[in-house]
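So the structure is just underneath, and the comments pick up after that.
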Amino acid sequence: MTLLIIYSSTSGNTEYTVDVLAKHLRGSSDMEIKVQRVEESKPENMKDCDILMFACGTWNSVREGQLSPGFIKFVSVAKEFDLEGKGTCVIGLGDDRYFYTCKSTAHLMQFAREIGGKNLLPPLPIVNDPYGQEEKIIKWGDKLLSAIQK
Ligand SMILES: Cc1cc2nc3c(=O)[nH]c(=O)nc-3n(C[C@H](O)[C@H](O)[C@H](O)COP(=O)(O)O)c2cc1C
């Protein structure tokens, strides 16, 4: 079983979140965890896994509450891809100083659904810095493992 995590990170918050999660999943399952920055990923890479995860912060390109620039580009080139019911899950980061807090979560969910993903569990929103939120990340990782086992 292979999990591919495609993520983007501008200040390192999503990268830290994904690192904590990947370390936990590697330590508590025999799943292969592959991690790719969205800028270095291609839509066809999404074939090379059993479970797919998208993770990114919320950004203000033109207006607030958008995906990061890297994900906007990826979504535009990957929108014709068909995941054929592959299991998907998402992590979205944001900051409560913004009105559309963590809106990347909803955008990533919509993208995964539109390309034929089957959502495995409610998303993980990380509001403000992820440092100190490791327990929340780990608990969500355990829920992901349970969802995969079902
Ligand atoms: C230019 C800019 C725009 C942002 N816009 C939003 C936003 O609209 N909504 C929100 O919840 N967070 C917003 N944020 C906060 C980031 O999503 C948050 O800091 C996140 O943890 C960044 O993750 P990253 O370092 O992995 O990119 C914005 C941050 C920056 C720098």
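Both ligands and their constituent atoms are indexed starting at 1 by order of listing.
Listed by atom number, the atoms of ligand 1 under 4.0 Å from Gly65 heavy atoms are 7 (C), 8 (O). Of all atoms in ligand 1, listed by their number and element, those nearer than 4.0 Å to a heavy atom of Gly94 are 10 (C), 11 (O), 12 (N), 17 (O). Short contacts between ligand 1 and Tyr100, defined as distances under 4.0 Å to a heavy atom of the residue, involve ligand atoms 9 (N), 10 (C), 11 (O). Each of the following atoms of ligand 1 lies closer than 4.0 Å to a heavy atom of Thr101: 11 (O).
Taking the six-membered ring where tryptophan is involved, the planes of Phe54 and Phe111 are tilted, since the angle between them lies from 30° to 60°.
How far CZ of Phe74 is from SG of Cys56: 11.5 Å, rounded to the nearest 0.5 Å. Put simply, CG on Leu108 and CE on Met53 are 11.5 Å apart, with the number rounded to the nearest 0.5 Å. The SG atom of Cys102 sits 11.5 Å away from the NE2 atom of His107 when rounded to the nearest 0.5 Å.
For atom 19 (O) of ligand 1, the closest non-hydrogen atom of the protein is Asn13 ND2, 3.9 Å. With respect to atom 11 (O) of ligand 1, the closest heavy atom belonging to the protein is Cys102 N, 2.8 Å. Atom 29 (C) of ligand 1 has its closest protein heavy atom at Tyr98 OH, 3.6 Å. Annotation: atom 31 (C) of ligand 1 to nearest protein heavy atom, Trp59 CZ3, 3.6 Å. Atom 1 (C) of ligand 1 has its closest protein heavy atom at Asn60 OD1, 3.1 Å. Atom 27 (O) of ligand 1 has its closest protein heavy atom at Thr10 OG1, 2.6 Å. Atom 17 (O) of ligand 1 has as its closest protein heavy atom Thr58 O, 2.7 Å.
Aromatic rings of Tyr131 and Tyr16 (six-membered ring for Trp) have centroids within the 6.0 Å cut-off, being under it.
The existence of a salt bridge linking Lys73 and Glu39 is excluded, since no basic side-chain nitrogen approaches an acidic carboxylate oxygen closer than 4.0 Å.
When non-hydrogen atoms are compared, ligand 1 lies under 4.0 Å from the backbone of Ser11 as well as from its side chain.
Not a single N or O atom of Glu64, backbone or side chain, sits closer than 3.5 Å to an N or O atom of ligand 1.
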| message | One pair to check against side-chain contact (heavy atoms from CB on, under 4.5 Å): Lys42 and Val77. What are the steps and the verdict? | response | CA-CA 9 Å; Lys42 296 189 184 85; Val77 293; over 6 Å; no
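In this comparison of Asp95, Thr14, Thr105, Leu93, the heavy atom closest to atom 10 (C) of ligand 1 sits on Asp95.
Between the side chains of Ser41 and Gln36, a donor-acceptor pair is found at a separation under 3.5 Å.
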